[in-house]
Amino acid sequence: MDKLERQKELIRILNYHRKKYYDEDDNVISDKEYDELYKELEELEKETGFVADNSPTRLVGGSVDKKFLPYKHKQRLYSLDKCQNFEEFLNWEKRTEKQIGSFDYTLEYKYDGLSVNVFYSGGNFVKASTRGDGITGEEITEQIKTVKELPLQIPYKGDIEIQGECIMRLSDFNEYNRTHDKTLKNPRNAAAGALRNLDINITRSRKLSLIFYNIGYSKDRSFSSQLQMYEFIKENGFPSGDFFKVIKDKNILNSELKNIEKERDGLDYLIDGAVIKVNDTALREELGFTDKFPKWAIAYKFEAEEESTVLKDVIWQVSRTGKINPLAILEPIELGGATIKRATLNNYADILKKDIKINSRVFVRRSNDVIPEVTSNAEHFANSVDIKPPDKCPVCKAAVIKKGAFYYCSNTENCAPRIISALAHFASKEAMDIEGLSEKTCELLYNELNVKNFTDIYKLKKEDLLELEGFKDKKAENLIASIKASKNVPLYRFITALGIPTIGKKNAKTLADKFKNLNRLINVKEEELKDLNDFGEIMAKSVAEYFADGKNLQLIKDLSQYLNFIEEESNQGIFSDITVLITGKLNGMSRDKAYEEIKRRGGQTSDTVSKKVNLLIVGEDAGSKLEKAKKLGIRIISQEEFFQMLNQ
Ligand code: AMP
Ligand code: ZN
C-alpha cells in the first residue's frame, strides 16, 4: 500500500478509537494497541512530510459533546509527549538541554483517568470542565461537586484554573462491580462515563476521586516552579498526588522510575506511567509548546498490563477441593514480557456479569507476577457464543454440585485431579514438606502405582519407585528418605496437610496451639471453634464437618501409625508467621540483607502491599506503600524498632 494511503487508513482507524475513548468513554482496543498504531502514523508523517488536518497527531483529546455547555479554558490544555523507555527519555532530555542547558525535573505519577479543569474565583469553586479539544471543554460543574474531595472554598482569593485527573479508585471500582449486576469495564472508562453524564445520581454512585497536579491560568499570581504549584495545590486543600519529587540526577530518575513501576500494583488506582516535567517555569517559557503538547514535559509510559485478544475457548479445571474453575484459552498475546495463552476467569457468575463470550475479543490484565485474568469484554462478533457452565465434572464425569457462584465435582472418592492435587498439597513445603514429591510426581504415583490417599505415600518402597519413568536409584532413594523424614512433624503442619477446606497454614497453627493434640482436635465442637482467633463461621463449620466425617477419622487414624508428632521447629524466630514488607531506605543495611535477616528469623517477605502483609518497616523517604499500609490497617514500625527486633 502507498504510504499516504496507509496514513489515511491509520487516521480513520485511530479517529474511530479516539471517538470511542474520549467521546463514548468506551474502548475496544488496549492503550498499547492504540499507541502502536499512533506511532506508525507518526513515523509515516515524518517520512512523507505530510500531516493531514484531521490527523490525531495534531489534535488534543476528544470533541465537545453538545449535550454539555461548552467551557472555554482560560488557558489552553495540552496532551503530553510520550516515551516508552529510558533511552527515549534521554533523547528528549538531550533535545531539551540543547535549548535550555541543564535543568531539574519533577517526577509524578501519570494518573490514568480523565483530565479536568476547575475554575475558582474569590475563594469559591465556580466551574469545572473536561479537557475537550484543549481549547473548549464540556462543563461538568454539577457532576464534579459529587466528588467529596473537591474543596468548594479555598483560602486563595484570586482567579485561578487548576488541572487534575478524575479517577475511580480500585477499591471503589471493585466494590461497585461486586454490588452491581452490570459491571464496569475498567476504572478509567468508569470515571469518564460517570463524570460525562447528565444524570448526577449516576456520577455520585460511582464514588469518584480527584487528584490535582497543575496550575493553568492564574490572574494575579505566578509560580516559579512545579514544586511551588504542588505546594500551592496542597495548601489550598486540593487532593494532590501521592508522589512528587524534584530530581537533579538522571540515574536517580532512572531508579525512581523502576521503583514506581514495581510498586504501582500496590496503589489503589491505576497509573499508566510517570510524568517528568521541567521544574523551573522560566525555562518552560523558553521551551514553549508544539500543536499538541508542552516541550517541557514528557510522559514515561510503563509496560502495558492490559491487552485485548480473542477468547478461543473455556475449559473447566478441577481443584483440590473439587471446585471446578473456568480457565480461558486465548489467542496468544505478549504481555509484560511473557506470552499469555491462558487466563483465569473467576467463576461462572462473574462470566455472566462481565458478559464474556467465546470468540469475542476480551481484555486481559497481568500485573507483576499475578496470574493473568480476563477482566472484561471488548467486543462481540457474529460468531460469539455464550459460555456454558459445567454440567458434569470435566474429568470423572460425575454430577456437579452448585454452591453459590461455584461448581463442585460431587465425586469425593476418585476424581483424579482432586486426588493428585490433594496429594501434592499434603507433600508441599507448607505442609509435610516432602522434598521431591511435586504435583507431577504425585500424578505419576497415582497413575502408575495407584497411590490414592496420604497413607499410601508412607507404604511406598524404593522398588516401587524404580518402576517409574525417570526414577533411577538415587532419585528413588532420595524420595524415600524425604518421605521418612516427614514422619517427624509438628501438629500444625499435619493439620495444614489434611487440606481441610478454608484452613490454611495460619489457621492450622491456631488450631494446633489451642488443642495441642490430635485427640482433642478431632473431638472438637463447632461452638469451641467460633471463638478462635480469626475463625469465622464458615471456617468453624468446615473444621467441624471435616472431623465429623468417619472417612476422615479413619484416614487420620491410619496415618497416625506412621507419624511422630514433635514440638514446633526450633528455628522459628521473632518474625515467625509474619509477612514483612520494607519501604524506604534503611540506615546501613540493604533491603536484600534486611529481608534475609527476616527470613532467617522465620518471617516471610513481600514486595507489594496487600492484606497478606502483617508488618511494614518504614525507612527514610518512604514511598506510597506507607499510605496504602495505613489504609489497610497494617502494623507499621520504624527502622529503629526493626533493628531492635533483630537484636532480640
Ligand atoms: P494523554 O491523555 O495521553 O494526552 O496524556 C496527557 C494527560 O495525562 C493529561 O491531559 C492529563 O490528563 C494526564 N495526566 C495524568 N497525570 C498527570 C500529571 N501528573 N501531570 C500532567 N498530566 C497528567
Ligand atoms: Zn470429578
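Start at 1 and go down the list; that is how both ligands and their atoms are numbered.
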Can you tell whether the side chains of [X] and [Y] come within less than 4.0 Å, N to carboxylate O?
X: Lys145; Y: Glu142; result: yes
X: Asp621; Y: Lys245; result: no
X: Lys631; Y: Asp268; result: no
X: Glu305; Y: Arg264; result: yes
X: Asp272; Y: Lys301; result: yes
X: Glu307; Y: Lys32; result: yes

- Task: Establish, from distance only, whether the side-chain atoms of Ser115 and Gln163 form a donor-acceptor pair under 3.5 Å.
- Result: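 There is no such pair (donor and acceptor under 3.5 Å, judged by atom type) between the side chains of Ser115 and Gln163.
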Tabulation required: pairs of a nitrogen or oxygen in ligand 1 and a protein nitrogen or oxygen under 3.5 Å; columns are atom names and distance to 0.1 Å; otherwise 'none'.
unit_1	atom_1	unit_2	atom_2	d
ligand 1	3 (O)	Lys82	NZ	2.9
ligand 1	4 (O)	Ser79	OG	2.4
ligand 1	4 (O)	Arg131	NH1	3.4
ligand 1	5 (O)	Lys110	NZ	3.4
ligand 1	8 (O)	Lys110	NZ	3.4
ligand 1	10 (O)	Arg131	NH1	2.6
ligand 1	12 (O)	Ser115	OG	3.4
ligand 1	12 (O)	Glu165	OE1	2.6
ligand 1	12 (O)	Tyr213	OH	3.0
ligand 1	14 (N)	Tyr213	OH	3.4
ligand 1	16 (N)	Tyr111	N	3.1
ligand 1	19 (N)	Glu108	OE1	2.8
ligand 1	19 (N)	Tyr109	O	3.0
ligand 1	20 (N)	Lys277	NZ	2.9

- Task: Sort by chain and number the protein N/O/S atoms that are closer than 2.8 Å to the Zn ion (ligand 2), and list them.
- Result: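 Protein N/O/S atoms under 2.8 Å of the Zn ion (ligand 2): Cys393 SG, Cys396 SG, Cys409 SG, Cys415 SG.
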- Identified salt bridge (charged side-chain N to carboxylate O under 4.0 Å, His left out) counterpart of Asp104 within the set Lys250, Arg284, Lys248, Lys277: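 The salt bridge (charged side-chain N to carboxylate O under 4.0 Å, His left out) with Asp104 is passed solely by Lys248 among Lys250, Arg284, Lys248, Lys277.
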- Taking the six-membered ring for Trp, are the ring centroids of Tyr269 and Tyr111 within less than 6.0 Å of each other?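 Tyr269 vs Tyr111: aromatic centres under 6.0 Å.
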